[in-house]
Novice: 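Sharing a structure, written as structure tokens. Questions coming.
All values derive from a computational prediction rather than experimental measurement. Counting convention: from 1, in listed order, for ligands and their atoms alike.
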Amino acid sequence: MSIQNNLTQVQSSFKNPNCRLVAVSKTKPIEDLIEAYEAGIRDFGENKVQELQWKQPEMPSDVRWHMIGHLQSNKVKYIVPFVYLIHGVDSLKLLKEINKQGKKLDRKISVLLQVHIAAEDTKFGFDSEEVLSLLQSEEFQELSHVTIKGLMGMATFTENEDQVRKEFRGLKALFDQINQLALPELKEFEEVSMGMSGDYLIAQEEGSTLVRIGSAIFGARN
Ligand SMILES: *Cc1c(COP(=O)(O)O)cnc(C)c1O
């Protein structure tokens with residue numbers, strides 16, 4: 001199967017045509033990204049700063065680069081000049097650093113707060129209470145160069161669809177709860193990034209607006 005065929009298959013299976021696709025190209029060579037680009041993809045997801053740094057200049061300038069992996073504060077400065085959306089913000093410290101680097105470049109950086117929804121404790125993220133208190137804190141209100149676009153979560157890696165669905169539903173419920181607060185800083189709070197190759201259909205049924213799909217498009221990673 002070619003990347004083009006995989007893309008067609010993935011996109012035609014979507015439960016919600018308004019849900020947007022981020023093609024997760026981590027570990028894949030530039031030729032594969034170009035093939036996806038030529039098939040119309042503009043949103044690419046990577047999980048390593050170094051890889052983003054070398055791939056970005058190799059691709060056309062209208063690519064929207066999504067940082068989907070765990071981001072260390074000391075590496076923020078390398079991606080802030082070009083990144084489109086940072087999905088995995090999981091601490092106030094990181095949020096402050098993104099704000100600081102955004103300010104230096106006079107660029108407002110779009111981010112998603114990562115929420116820990118999985119049963120496994122290996123995955124990063126805030127819990128619901130932490131997100132709610134962060135968004136209502138004074139420290140958050142002082143951040144002038146970040147825009148919180150929404151939430152991101154990863155479900156448990158399991159065959160149990162009910163569990164995955166329950167976790168996605170919980171993330172969407174938190175998203176709705178935050179929107180009801182109608183905070184003035186959250187005028188652009190509109191994204192729920194959830195769903196990967198194995199669970200994007202469930203995620204879409206539960207209200208995902210952005211799915212991050214890698215192996216179903218580019219094939220298995222080594
Ligand atoms: C790798 C990765 C994906 C894509 O995973 P696939 O199962 O290959 O679709 C999505 N989200 C994050 C955060 C990832 O690290």
Novice: Counting only heavy atoms, which portion of R221 has something under 4.0 Å from ligand 1: side chain, backbone, both, or neither?
Specialist: side chain
Novice: Going by salt bridge (Lys or Arg N to Asp or Glu O under 4.0 Å), E206 matches just one of K166, R169, K172, K15. Which one?
Specialist: R169
Novice: Could you list the atoms of ligand 1 found under 4.0 angstrom from a heavy atom of G214?
Specialist: 4 (C), 6 (P), 8 (O), 9 (O)
Novice: Polar-atom distance check: I68 versus ligand 1, any N or O pair below 3.5 Å?
Specialist: no
Novice: Within the structure, does N47 bring an N/O atom to less than 3.5 angstrom of an N/O atom in ligand 1?
Specialist: no
Novice: Just wondering, are more than 12 heavy atoms of other shown residues or ligands nearer than 6.0 Å to CD in E161?
Specialist: no
Novice: Return the closest protein heavy atom for atom 5 (O) of ligand 1 as residue, atom name and distance.
Specialist: M196 CE, 3.5 Å
Novice: Only heavy atoms count here, so choose which of K26, M194, H70 is nearest to atom 14 (C) of ligand 1.
Specialist: K26
Novice: Taking everything shown except K77 itself, do over 12 heavy atoms lie less than 6.0 Å from its NZ?
Specialist: yes
Novice: Kindly compute the distance separating CD (E139) from CG (N99), expressed to the nearest 0.5 Å.
Specialist: 11.5 Å
Novice: Go through ligand 1 atom by atom and flag the ones less than 4.0 Å from a non-hydrogen atom of R212.
Specialist: 4 (C), 9 (O), 10 (C), 11 (N), 12 (C), 13 (C)
Novice: For S91, which residues count as a side-chain contact (heavy atoms from CB on, under 4.5 Å) partner, sequence neighbours excluded?
Specialist: K93, L94
Novice: Need the ligand 1 atom indices (1-based, order shown) with element for anything under 4.0 Å from a heavy-atom of S197.
Specialist: 6 (P), 7 (O), 8 (O), 9 (O)
Novice: In Å, rounded to the nearest 0.5 Å, how long is the span from CD1 of I68 to CG of L52?
Specialist: 9.5 Å
Novice: Under 3.5 Å, which donor-acceptor pairs link side chains of residues 42-50 to any protein atom two or more places apart or in another chain?
Specialist:
from : atom 1 : to  : atom 2 : distance (Å)
R42  : NE     : D62 : OD2    : 3.1
R42  : NH1    : Y37 : O      : 2.9
D43  : OD1    : R64 : NE     : 2.9
D43  : OD1    : H66 : NE2    : 2.7
D43  : OD2    : R64 : NE     : 3.2
D43  : OD2    : R64 : NH2    : 2.8
E46  : OE2    : S25 : OG     : 2.7
E46  : OE2    : K55 : NZ     : 2.9

Novice: Closer than 4.0 Å to some heavy atom of I213 - which atoms of ligand 1 meet that?
Specialist: 9 (O)
